[in-house]
Protein chains: 2
Amino acid sequence: MPRRRSKPSESTIRRLSLYLRALEGLGEEGESTASSELLAGRVGTTAAQVRKDLSHFGSFGKRGLGYEVAPLQVHLKEILGLHRRWPVVLVGAGRIGSALFEYPHFGARGFEIVAILDRDPAKVGRRWGEVEISPMDELESVVHDRKAELAILTIPWDGAQDVAEALVAAGVRGILNFAPLQLRLPPEIEVNDVNLALEMEALSFALHLGGSQVDGVDARSGEG
Amino acid sequence: MPRRRSKPSESTIRRLSLYLRALEGLGEEGESTASSELLAGRVGTTAAQVRKDLSHFGSFGKRGLGYEVAPLQVHLKEILGLHRRWPVVLVGAGRIGSALFEYPHFGARGFEIVAILDRDPAKVGRRWGEVEISPMDELESVVHDRKAELAILTIPWDGAQDVAEALVAAGVRGILNFAPLQLRLPPEIEVNDVNLALEMEALSFALHLGGSQVDGVDARSGEG
DNA sequence: CGGGCCTTGTGAATCATTTCACAAGACCTG
DNA sequence: CAGGTCTTGTGAAATGATTCACAAGGCCCG
């Protein structure tokens, strides 16, 4: 197994997802091969970056030709672990939870929300499509029964830490966390934070700065 | 004005947001000062990192004491551009748009959704709270009238590029983009992508790898 | 008011990521 | 099958970010 030259960085992984989506687009457009330069253009990076990213996992291209769209898609899906179905538990049946439950791109990637939990008794028992909302005290049995290793947390910050710990105790190994706090969990648990206010704040910073002190901003003018 | 020793990185900016939130928590807990180490603990980074991040913008701490919670909060808000109100246009009145409209943490940071646009005639004219949904052909006038420099894009990928260009033409300078495609806009326009499927895929990668080839994974066991 | 204790701010060193540059192949054409 | 053209895969160089380590200050106590 001659793969894995050096360990891929977090950013490499994230770009693999982008390459995968770009390849799907190219496939729909009828392209059967793609050069690293073409892929880079679609994803907003450089050709060298694409090649380096892919090289961490093997040699998928043909010199002089580029990469074949369909096979590379398969490879990327396998690398990312998307060749299988992932049962997911959604905790928090609020607005964001509801939006994510309907989010079509999850299903397209094998992520299937198989259970919904909420602490609000008024919501428990309702059905969203095929899935009935369960009370929080069924957390452990639900996670266990459905063999869910992934969870999405869309609850207010004040319950998040406890729920996260319960999820981990029940067998969850990866959490997509929308609660705006830093979860403290064992290091082997993978947590991805989505902090929407933070994203807006990053925009605010950039606009604020650009509006008031444009002087120091170079980069684009001096050539490359 | 002796600020700005070197240019802060994107990651530094994002951590500033985290520090700000941590400081708010500390304030509520009654703390009046915070050391870089305490802040680092709350945010999941190192004390040196906190100090280096802050040092890009000035000297806010007192040696021997640490940082005063309330004043540092004010400084961070100013650095991030949060000392003012930001009118925001929301494009896409679907599930995600609805969730974001209700999202309490936006308002708490001065981001106010002042207009909603949707291409679906069935939605146009409805009210969400105080805001009525407008048709897409009012995009330019709405952005202009409300002086919105920020927009949130929660529409399907197939319309996103055109809408983004229209927003920019109307005066928008920053976009929070939920559409899973790479927007092609002038470089002075700030775009932050929130790609939810990608976040799940990053989790999937980590779990997939951890489950199948644990051998190469070191870091935690051997200590350092 | 001097000594001890803390914690900042920051150059220097380390570590990580990205970019460069080019040899090694692969295909095509004649 | 040789020569031309293209594009990969990859060490090496350049750039960027984080961590280290410590001098400079500030506070408190006696």
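The chains referred to below are lettered A, B, ... by the order of the sequence lines, with proteins before strands, and numbering in each begins at 1.
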Please, which pairs that meet side chain to side chain donor-acceptor pair (under 3.5 Å) have at least one residue in residues 37-48 of chain A, sequence neighbours excluded? Glu29(A)-Arg42(A)
For His144(B), check ring pair (Phe, Tyr, Trp, His ring centres under 6.0 Å) against everything at least two apart and list the hits. none
For Ile13(B) and dT18(D), what is the distance between atoms CD1 and P respectively, to the nearest whole Å? 12 Å
To the nearest angstrom, how far is Leu39(B) atom CG from dG9(C) atom P? 12 Å
Summary of salt bridge (Lys or Arg N to Asp or Glu O under 4.0 Å) pairs that have at least one residue in residues 57-71 of chain A, sequence neighbours excluded: Lys62(A)-Glu68(A)
What residues, two or more places apart in sequence or in another chain, satisfy ring pair (Phe, Tyr, Trp, His ring centres under 6.0 Å) together with Phe101(A)? Trp128(A)
Could you state the CZ-P distance from Phe57(A) to dT10(D), rounded to the nearest angstrom? 14 Å
Quick one: salt bridge (Lys or Arg N to Asp or Glu O under 4.0 Å) partners of Glu140(B), sequence neighbours excluded? none
For residues Phe178(A) and Ile152(A), report the shortest heavy-atom separation together with the two atoms involved. CE1-CG2, 3.9 Å
Quick one: side chain to side chain donor-acceptor pair (under 3.5 Å) pairs with a partner in residues 160-170 of chain B, sequence neighbours left out? Gln161(B)-Glu165(B)
Please name all residues satisfying salt bridge (Lys or Arg N to Asp or Glu O under 4.0 Å) with Glu199(A), sequence neighbours left out, ordered by chain then number. Arg14(B)
In terms of heavy-atom contacts, Ala148(A) and Val172(A) come closest through O-CG2, 3.8 Å
For the side chain of Ser35(B), counting heavy atoms from C-beta on, which of dG9(C), dT7(C), dT7(D) is nearest? dT7(C)
Distance in angstrom units between Glu37(A) CD and dC20(C) P, rounded: 13 Å
In whole angstrom, give the distance that lies between atom CG of Leu54(A) and atom P of dT18(C). 14 Å
Is there any protein nitrogen or oxygen under 3.5 Å from a nitrogen or oxygen in nucleotides 26-29 of chain C, and what are the pairs?
unit_1, atom_1, unit_2, atom_2, d
dA26(C), O4', Arg63(A), O, 3.1

Establish, with yes or no, whether the OP1 or OP2 oxygen of dG9(C) is under 4.0 angstrom from a side-chain nitrogen or oxygen of Tyr67(B). yes
Separation of atom CZ in Arg51(A) from atom P in dA21(C), rounded to whole Å: 13 Å
Can you check whether Ser36(B) has a side-chain N or O nearer than 4.0 Å to OP1 or OP2 of dT8(C)? yes
Quick one, give me the B/S/- string for nucleotides 12-17 of chain D, reading 5' to 3', where B means a protein heavy atom under 4.0 Å from the base and S means that only happens at the primed atoms, P, OP1 or OP2. B----S
How would you list, by chain and number, every residue that makes a salt bridge (Lys or Arg N to Asp or Glu O under 4.0 Å) with Glu31(A), sequence neighbours excluded? none
Which dot-bracket string fits DNA chain D when only Watson-Crick or G-U wobble pairs with both atom distances under 3.5 Å count, crossing pairs get [ ], and | stands for a partner on a different strand? ||||||||||||||||||||||||||||||
Output the rounded distance in Å from NE2 (His56(A)) to C1' (dT8(D)). 15 Å
Considering residues at least two apart in sequence or located in another chain, which fulfil the side-chain contact (heavy atoms from CB on, under 4.5 Å) criterion with Arg95(A)? Ser98(B), Ala99(B), Glu102(B)
